[in-house]
Each structure stands twice: as C-alpha cells, then as structure tokens.
Amino acid sequence: SLSDKLEKVFKKLKGRGVLNEKDVDEGLKEVRMALLEADVNFKVVKDFVQSVRDKSVGSGVLDSLTPGQQVVKIVYNELVGLMGETVTRIALVPNRPTVLMMVGLQGSGKTTTTGKLGRMFKKGGRKVLLVAADTQRPAAIDQLVTLGKQLNIDVEASEPGDDPVEVCKRGLERANRGAYGVVILDTAGRLHIDDSLMDQLSSVKAAVKPDEILFVADSMTGQDAVKVAKSFDEKLDIAGVILTKMDGDARGGAALSIRAVTGKPIKFVGMGEKLDAIEPFFPDRVASRILG
Amino acid sequence: VLGKKKIDDALLDEIEELMILSDLGVETTSRIISSVQEKVRRNELDDASLLKKEIKEQIRAILVRDSAPLRYGTSLAVYLVIGVNGVGKTTTIGKMASMLKSQGRKVILGAADTFRAAAAEQLVLWGERAGTDVIRHKSGADPGAVVFDAIAAARAREQEILIIDTAGRLHTKSNLMEELKKINRVIERELPGEPREVLLVLDATTGQNALSQAKLFNQAVGVTGIVLTKLDGTAKGGIIVAIASELGIPVKMVGVGEKIEDLQPFDPNEFVEALFD
Ligand SMILES: Nc1nc2c(ncn2[C@@H]2O[C@H](COP(=O)(O)OP(=O)(O)OP(=O)(O)O)[C@@H](O)[C@H]2O)c(=O)[nH]1
Ligand SMILES: Nc1nc2c(ncn2[C@@H]2O[C@H](COP(=O)(O)OP(=O)(O)OP(=O)(O)O)[C@@H](O)[C@H]2O)c(=O)[nH]1
Ligand SMILES: [Mg+2]
Ligand SMILES: [Mg+2]
C-alpha cells in the first residue's frame, strides 16, 4: 500500500538524520507513482502533488516520528477534500417534471443508468418517464423499452432515424400532460470531438431545458478522462457526474481527474449490471480506492 | 558537433509525460526511458532529434514481436469475442462479419449474450447489415446452448467462420468468468483442434485496468488476440504496449468508428506514429 511504501522511503531517509525538504520530495515520488498507476491524469497529479508538498513541508512532517503516515494522511485528506462533499443529491423540482439528460461517450453506461435512476425515483414515489432519444445505435430503443418493461416504468419510444431533438420535445410534452415527476432523456453515446453530434446535444438542451445534465463516465477511463470531461462540461455545463462500473477493480483515478477539471460533483456510482446497482458517491471510499 | 541538441533530463521528462498521457503506464514508460538513458550513458545515442525515433523503435519492437493475422482453416473456425461491459464487442462482430464476407469467406454469427436487454436484437441487426445469419435463443437462455446450436448450424450451412458474441462481464466476477470457461469448453469439445481465436475487445479509453482485464481473461480462456476499439476518439490506447510486453498478446484489429466499415487490421507503425502525434 502507499503508506507502506512511504514508511519504507522515510525510514531509509531518516537513517541519515533529520528529514529535509528534499527528503519529502523523495516520498512524494511514491505518491505520484501511486496516483498515476490509479489512472489519475498526469497534469492533475502534478498539481495535486505540489499542494501535498506545500502542506507537508508546512505541517511539521519533517519533525514527525512517523513522516510516512503523516504524508499519507495529508494525501488522503487532500483527495477527500478535492472530491467534494458526500451525497450531492439530484434536486427534484416541485409542480412540474424534473428533466434529467444523460450524456457521455459510447458504452459508458447511460442507458443502464437511465433505468437505474428511473427505478430509484419510482421507489421514492415519483411517476417516471424514460425517453429513448438514442435513435441511431442498433436496438438502442429496444434496450430502453425492455428496461422500462422490467421496471414497470413508462417509456417514450421512438423509431430509428428520428430526430433526437423532436423525440425529447415529445417526451417532455407527454411528461407535462401526464403529470410525471421525473423525465430521463437517454441520448446516444458520442465522441467529444464530433462537433455535429455535440451540437446536437446543445440543440436538445435548448429545446427542453433540462434541470440536470448528467455526464456518465466509465470509472476505468485512463488519461483521456480530462479531455472528455472538459469538452462535455464546456459544451453543456453539466450538473454532475455518474461514474459507472465501480464494481470492478479499476482504481478509479478518473474520478479525481474529472472532478479536478470540471469542478462538478460526482453524484452517483454504478455498482453492477442489475438495475438496483447504483449508490450515492462517497468521496472517502473513492479516495481509499485510488490510494490502493 | 554543432547543431546536435543534447539529450537532457528536461527532454526525457517531456517524452515521459507524453507516454504516460498515452496510457503506456508508469512501468512500461520507465523501462523504455531507462533503456534510452542507458544508451545515452554509453554514447550510443546523443542526438535529441533521434530520441523520439529511438523510443518509437523500442515500442514498435514490443508490438511486432508477437503479431499475427486472424486464423482460419479449411473447416470451421470459431472466433469467441469477449471483454468487459460496453467496450464494443457486438459492434466489432458486425464489422468483422462484413469484412470477412468481403474477403470471400462464409460467415455466421452466434448471439450468446442472453443476459443484457436487447443484446440479441442488436446482433441480429448487425447480421442483417453484414448479410450473415445469426443464431439466437430467447433472453435468459443458457449461452452454452446457443454456442452448441450455432456450431451445429455453422456445420449444416457449411460456414467457414463462426463469430460468437458474449455478454460483457467484469474480469473480477468469478461466476461470470466460470460461465465464460463453460462456453469455451463447448467449443473445444465440439471442434477439437480446429483453428480458433479468443478475441479480447479493449476500449482505447481504458487506462491501467486493461492490463488487469487482459491478465484475468487470459488466465480464464487464453486470449489469442486483442481488438482495440474507439481509436477514433482522443485516447491513444498505449496500454496495449504494456499488454504486449507482459503477456505477449498481439492486437489484431482496431475499431475506428461506429459504422460497419470502421474496422482495420492493426498496423504497429501507424499506431506508434499516432502515439506521438
Ligand atoms: N458491471 C457493470 N456494468 C455496467 C454498469 N453500468 C452499465 N454497465 C454495463 O455496461 C454496458 C454498456 O451499458 P449501456 O447502458 O448500454 O451503455 P451506453 O452508454 O448506453 O452505451 P451507448 O448508448 O452505446 O453509448 C452494458 O453491458 C451494461 O450492462 C455498472 O455499473 N457495472
Ligand atoms: N466511436 C466508436 N464507437 C464504437 C466503436 N466500437 C463500438 N463503438 C460504440 O460503443 C458502444 C458500445 O458498443 P457495443 O458493441 O454495444 O459494446 P459491447 O461490448 O457489445 O457492450 P455489452 O454487450 O453491453 O458489454 C456503441 O455505441 C458502439 O457504437 C469504435 O471503434 N468507435
Ligand atoms: Mg445507450
Ligand atoms: Mg454486446
């Protein structure tokens, strides 16, 4: 673990006498390695290690009996602090349907997460409408319709090739007529560098004015997480992030990268393929996981 | 010599950053950087303009070492397509079917993902686009039974290549890995000694976890090749260098988009050049 590695480094350095700033830098190399191996973005790691360094040098680590443990504590607290407060909820609006829009790269888990959120709100007593706005991936509409049947939740279906903007408008009209509490728009996966498809998302946003745009990201994402999250956030001003597939053994450094570059909260984590596998985001759990 | 820039720490730091940003990982990157530093120390490399060339060559050497094309023979070849959730298995199979058909092969597909909503429907649509039959059962059926029937149909219809789609599964879920081993045993039992591929599909946006995926899928069923998808994005997929170096598993194809024609054979030279773009 990182604390073991740091203890070893500082033990060896203390053997030569009192610790100095250069020794702290030796220890910080281990921190840098641990974060990079956990898929935290290179530039995010650089800034992070710098702030840990400033805090370490200023906090008496040099005179401590257990400098390794001190540094780990600082790293952990920095991580938790950076990740934001625990449980940032999705605020439901009174007197009209709350509109949520799911966006992200191909295969990140948007459709499944749409089902999971729908189930969650239904359990909370809301009337939910899922909108099948992915009219381009083969059988995407079937996929959401199937999830709706499994959950006994209404789905505004569509036909392949329909204009997603029109589908979302129809969905919102139906939600208003039927007094739905929550509408969740499932969009097609797309690349952040595909200008016309990113413009399409802007058009959906302009047409239905979602209360929250949720960026669904795969927790196994590597260094690319920063580029992707930044693009989606700059284009759409996302309300928050949902990190999926956290039931695997990915360390999840993408969580720190995405948070650092967008400043937006991580609201939920996907913890499995079943529709009940969604949990609120706990920064301390993800911090421990990133540290290994 | 005038005009020859020295290779200093700043330059090596710059290259190291580029390699890490491409998801080569800390270990593979430091190994390659150390070997370059050794060459500099022994005065075998002293020109900064040749540094990138040296690094590219080292990476290329790792990638070409185990490279091999897709296998097929005179009877029925089976390609078992596996990988974690959402990486592009089903889409890749549609593309492969189309590519192999255009090369004159007789291809049939087996929809052995009987778990995920509309998975079989998705493969059936791809089969229609590629002009190949798709063998499927209804949702919840035993995947092993689908494979058994697909092999029987492939033989009866005298097909040359059977490509099997499986459900996405995390490599850490032992019950799902056991299911995969069971599917593999059906193939081994029905077609002993026939040419086979076990193709692990990896998403180019995945970081270091791809190495863990490759290790565990390889332990379970023996991976013969990798398909690296979504290279049309901004991720570089450098983790395949670590996988080649540690496990000797070659990349056979790359996915570069969502359309049926967006599949290319893996070209190590092109890949290495793109790492440094
Ligand atoms: N293990 C695990 N699998 C998940 C999780 N969330 C989604 N998945 C799986 O990931 C795969 C992709 O999920 P989808 O919901 O189809 O992803 P998507 O973002 O809608 O994909 P596109 O619409 O093609 O962009 C499916 O196999 C899901 O079952 C999760 O939290 N854990
Ligand atoms: N941009 C891009 N998208 C791709 C590529 N390959 C697949 N996709 C997309 O990735 C998403 C997931 O593809 P699938 O084929 O459903 O992935 P899968 O591995 O079968 O998913 P599960 O069966 O749910 O585990 C779809 O939206 C595909 O269109 C690629 O090379 N480039
Ligand atoms: Mg989807
Ligand atoms: Mg699939």
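Proteins come first, then strands; the chains are lettered A, B, ... in the order of their sequence lines, and each starts at number 1. The structure displayed is predicted, hence computed values, not measured ones. Both backbone and side-chain heavy atoms feed into the values below; hydrogens, waters and symmetry mates do not.
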Greatest number of non-hydrogen atom pairs under 4.5 angstrom with chain A, of B:Q208, B:E121, B:K173, falls to B:Q208
Side chain / backbone / both / neither for A:I141 at chain B, heavy atoms under 4.5 Å: neither
Residue selection (most heavy-atom pairs with chain A, distance under 4.5 Å) from B:K236, B:E27, B:E258: B:E258
Quick one: of B:L123, B:V87, B:D232, who has the most non-hydrogen atom pairs under 4.5 Å with chain A? B:D232
Just checking B:E270: does its CD atom have more than 12 heavy atoms from other residues, nucleotides or ligands closer to it than 6.0 angstrom? no
Taking NZ, NE, NH1 and NH2 as the nitrogens, is one of them in B:E17 or A:R32 under 4.0 Å from a carboxylate oxygen of the other? no
Would you compute the distance between atom CZ of A:F42 and atom CD of B:E16 and round it to the nearest 0.5 angstrom? 5.5 Å
Show your working on side chain to side chain contact (heavy atoms under 4.5 Å, CB included) between A:D218 and B:T206 and close with a plain yes or no. CA-CA 8 Å; A:D218 194 322; B:T206 303; 5.6 Å; no
Looking only at heavy atoms and a cut-off of under 4.5 Å, which of A:Q150, A:R137, A:K43 has the most pairs with chain B? A:R137
Under a 4.5 Å cutoff for heavy-atom pairs, which residue among B:V84, B:I239, B:V26 has the most contacts with chain A? B:V26
How many angstroms lie between atom NZ of B:K230 and atom CD of A:Q106, to the nearest 0.5 angstrom? 6.5 Å
Going from CD1 on B:I20 to CG on A:L36, what distance comes out if it is rounded to the nearest 0.5 angstrom? 5.0 Å
Of all of A:Q136, A:Q143, A:K46, which one pairs up most often with chain B through heavy atoms under 4.5 Å apart? A:Q143
Mind running side chain to side chain contact (heavy atoms under 4.5 Å, CB included) on B:R116 and A:T111 for me, showing each step along the way? CA-CA 11 Å; B:R116 208 211 65 209; A:T111 304; over 6 Å; no
Should we say atom NZ of B:K181 is surrounded by more than 12 heavy atoms from elsewhere, each under 6.0 Å from it? yes
Sequence neighbours left out, what passes ring-ring contact (aromatic ring centres under 6.0 Å, His included) with A:F48? Give chain and number order. none
Give, as side chain, backbone, both or neither, the part of B:L24 having an atom under 4.5 angstrom from any heavy atom of chain A. neither
Scored by heavy-atom pairs under 4.5 Å with chain A, the best of B:R169, B:R129, B:Q122 is B:Q122
Distance check, rounded to the nearest 0.5 Å: A:D224 atom CG versus B:T205 atom OG1? 6.5 Å
Separation between NZ of A:K245 and CG of B:N85, rounded to the nearest 0.5 Å: 6.0 Å
Heaviest contributor of heavy-atom pairs below 4.5 Å to chain B, chosen from A:S108, A:G109, A:A250, is A:A250
Given the options B:S22, B:S30, B:G86, which has more heavy-atom pairs under 4.5 Å with chain A than any of the others? B:G86
Is atom NZ of B:K56 surrounded by more than 12 heavy atoms (other residues, nucleotides or ligands) closer than 6.0 Å? yes
Chain B: which of A:D194, A:L144, A:D142, A:L147 shares the most heavy-atom pairs with it under 4.5 Å? A:D142
Judged by modelled atom types alone, do A:D39 and B:N209 share a side-chain donor-acceptor pair under 3.5 Å? no
Find out whether B:L21 and A:K227 are in side-chain contact, i.e. whether some heavy atom of one side chain is under 4.5 Å from a heavy atom of the other. no
Sort B:Q213 into side chain, backbone, both or neither according to what part of it lies under 4.5 angstrom from a heavy atom of chain A. side chain
Among A:I193, A:V228, A:T112, who wins on heavy-atom pairs under 4.5 Å with chain B? A:I193
All heavy atoms of B:S212 vs all of A:D249, minimum pair found to be OG-OD2, 2.9 Å
Any idea which heavy atoms bring A:T146 and B:A117 closest together, and the distance? CG2-CB, 3.8 Å
Roughly how far apart are A:Q223 CD and B:L18 CG, rounded to 0.5 Å? 11.0 Å
For B:D23 and A:G222, work out which heavy atoms get closest and say how close. OD1-CA, 3.7 Å
